[in-house]
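Numbers restart at 1 for each chain; the letters A, B, ... are given by sequence-line order, proteins then strands. Excluded from the calculations below are hydrogen atoms, water molecules and symmetry mates; all remaining heavy atoms, backbone and side chain alike, are included.
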Amino acid sequence: MDPSANPPQPQSEAPRPQRPGHRDMMFCHECNDEWYRDEHGLTCPECGSDFTEIIEEGNDPRDSHMMDHDHESDNGSLPGFDGPPPLLPFFQPNPMRGADDPAEEDISSLQFRQVAPGRFTVTGTVYRDVSPMGRPAPAPPTENAGSQAPRALGGLTNFLTNIIGGALRGPQQQQQPQQQQPPGFQWNTEHADGQNNPGNDGNQQAHGGPESRPPGLPPGVHRFTYTAGARLLPRDPNNPGPRGEPVDELNNVIVGLMAALGEPPGPHHHDHFHSAGPVPINPLVHLFAQMLPGNGQFGDAVYSQEALDRIITQLMEQNTSSNAPGPAPQSEIDKLPRKAVSLEMLGAEGRAECSICMDEVNIGEEVTELPCHHWFHHACIAAWLGEHDTCPHCRKGITKQPENATNQGQAGGSSGPTAGSSSQGQMPGAFAGGEGTSDNPYVL
Amino acid sequence: MALPKRIIKETERLMAEPVKGISAVPHEDNLRYFDVTIEGPEQSPYEGGVFKLELFLPDDYPMTPPKIRFLTKIYHPNIDRLGRICLDVLKGNWSPALQIRTILLSIQALLGAPNPDDPLANDVAQKWKEDQNAAIETARQWTREHAKP
């Protein structure tokens with residue numbers, strides 16, 4: 001939409017079938033692409049299909065694509081329009097239609113919001129050939145602007161508009177010759193007076209119409225177009241989705257936002273921000289840059305099952321003993337009685353070993369005995385008790401309050417009991433949901 | 001790091017007195033790493049299957065439990081699709097008095113007594129609870145398909 005090529009025109013001619021300087025628009029039935037005939041000819045420049053058609057005012061092939069979905073809720077039939085029905089919002093002439101603007105024809109999802117009496121905010125979103133994920137180009141939308149998702153995105157769009165609008169110093173952008181913009185994802189954001197309101201169910205009577213259309217863009221109204229390397233809404237012309245369109249993958253949205261913010265998001269970015277001046281560094285750029293999938297994880301977010309598995313494994317290993325009792329105090333370990341191995345300690349076989357190091361112990365060798373009367377090499381049991389206050393055999397702790405004391409330490413974060421039949425129920429703290437339970441005296 | 005005497009002893013005993021239905025053979029180049037096979041317990045949906053596992057003894061073994069994972073695909077509510085095992089003695093209930101042998105016996109017992117109330121594989125556990133017969137049949141089928149002797 002080139003304001004310089006947008007002189008004041010007769011406002012009542014909106015439904016005119018032809019007008020001077022009319023350029024034939026082409027429409028591809030295969031991929032729904034649109035282009036100017038005098039630029040790309042009759043064959044679709046997108047998909048190379050010959051199944052194309054010249055768009056005329058009274059015979060717009062896009063109408064059936066656009067209308068058959070939303071319209072069916074009205075009368076259940078596919079539209080067969082002879083001409084632009086003036087009362088159907090989608091056929092309201094866009095007040096900017098007089099402008100010779102390639103982007104204009106690409107606006108396929110318009111968001112109109114009344115911001116004040118007589119004033120509307122218009123947000124247009126266009127889906128074109130760029131596919132950040134390396135996918136084939138998404139087809140242009142087949143739903144009209146009344147769907148829910150664009151409306152929801154409109155808030156974000158306006159938010160970005162404010163950010164970028166400041167960066168672009170707003171109205172200067174009007175002077176940008178739009179014809180020079182490269183084909184690609186167009187994300188047009190406009191603010192204009194008296195726009196009609198085709199997308200808003202609650203304001204369909206506010207058609208506005210040409211009479212309220214400004215001759216150009218009035219002062220205080222800024223408009224700019226920025227390009228992005230992403231589609232926001234997946235579309236399928238042959239299989240229209242539900243009214244509430246699914247929001248595209250976050251990655252794509254982010255890539256689009258990145259492009260919108262003027263930062264090349266990666267190898268898929270091929271459009272540029274056609275701003276007159278350098279874009280001030282935007283802190284959001286850096287924020288979004290970190291979120292790009294190419295950079296892998298963003299904080300704790302993971303993007304693949306593999307990464308998730310890796311992290312879960314990591315957590316499982318870190319928490320290997322999270323539900324195990326904490327260490328016994330060193331003073332208690334030091335106080336454990338030591339005794340020489342006697343004949344009766346060896347048992348029936350007449351030989352025994354320290355079950356921690358599995359070394360055989362002989363009569364007379366000094367071992368350390370726990371309150372539960374199990375005994376080990378002192379070094380062996382001290383190493384274990386220094387990590388977990390449980391007897392390796394019977395799991396009793398050595399501290400005075402064995403029921404509670406083992407809750408101390410890192411009892412938190414346990415995911416609860418674990419499987420298996422070998423739990424002996426002797427592990428106070430093993431099933432603790434977290435530290436700080438009321439019966440935990442934190443004996444140290 | 002020299003191999004602790006305990007690991008050598010355990011390995012020797014595993015070889016000298018093998019457990020029925022269980023084998024654990026250390027790698028020649030890494031004596032802390034074992035190739036393990038466990039036969040599915042009788043009367044269980046895993047009967048007739050031979051399941052491969054890997055077992056690694058970390059540096060601070062036996063102060064920390066061995067790391068064990070199923071390599072053979074298995075349909076079990078306490079074993080996830082990566083082969084990780086939800087077993088208390090492999091986690092917080094580890095004790096240095098336990099050994100490779102006892103741990104492997106515990107795993108074999110787990111095959112005979114799935115515990116869907118403490119799942120690691122949530123979808124399997126849910127299926128196990130909703131339709132135990134179907135889940136057991138799936139486990140049988142997986143055993144036939146993946147755990148061929």
- Note on the structure: So CG of Leu53(B) and CD1 of Ile85(B): to nearest 0.5 Å the spacing works out to 5.5 Å
- Query: What part of Cys380(A) is in contact with chain B, defined as an atom under 4.5 angstrom from a non-hydrogen atom: side chain, backbone, both or neither?
  - Reply: backbone
- Query: Looking only at heavy atoms, which of residues 8-28 of chain B get nearer than 4.5 Å to chain A?
  - Reply: Lys9(B), Glu10(B), Arg13(B)
- Query: With chain A, which of Pro114(B), Ala97(B), Pro77(B) has the greatest number of heavy-atom pairs at distances under 4.5 Å?
  - Reply: Ala97(B)
- Message: Over 60° means perpendicular and under 30° means parallel, so tell me whether Trp384(A) and His388(A) are parallel, tilted or perpendicular.
- Response: tilted
- Short side-chain to backbone donor-acceptor contact, Asn78(B) and Asn115(B), under 3.5 Å: yes
- Message: Taking Pro62(B)'s backbone N and O only, do any of them form a donor-acceptor pair with Trp94(B)'s side chain (distance below 3.5 Å, no angle check)?
- Response: yes
- Message: Quick one: does any side-chain atom of Arg32(B) pair with a main-chain N or O of Ile7(B) as donor and acceptor, under 3.5 Å?
- Response: no
- Item | Worked check of salt bridge (charged side-chain N to carboxylate O under 4.0 Å, His left out) between Arg144(B) and Glu137(B) | CA-CA 11 Å; Arg144(B) 281 194 298 271; Glu137(B) 187 47 49; 3.5 Å; yes
- Query: Taking the side chain from Glu365(A) and the backbone from Asn362(A), do they hold a donor-acceptor pair closer than 3.5 Å?
  - Reply: yes
- Checking His76(B) side chain against Leu110(B) main chain: does a donor-acceptor pair fall under 3.5 Å? yes
- Counting N and O atoms only, with roles assigned by atom type, does the side chain of Arg81(B) sit under 3.5 Å from a partner on the main chain of Lys73(B), one being a donor and the other an acceptor? no
- Task: Determine which residues belonging to residues 39-49 of chain B lie within contact range of chain A, meaning some heavy atom pair is under 4.5 Å apart, and list them by number or answer 'none'.
- Result: none
- Message: Within the 4.5 Å heavy-atom criterion, are Lys91(B) and Cys86(B) side-chain neighbours or not?
- Response: yes
- The reported gap from CH2 in Trp128(B) to OG1 in Thr138(B) (rounded to nearest 0.5 angstrom) is 8.0 Å
- If one checks every heavy atom of Arg69(B) against chain A at 4.5 Å, the contacting part turns out to be neither
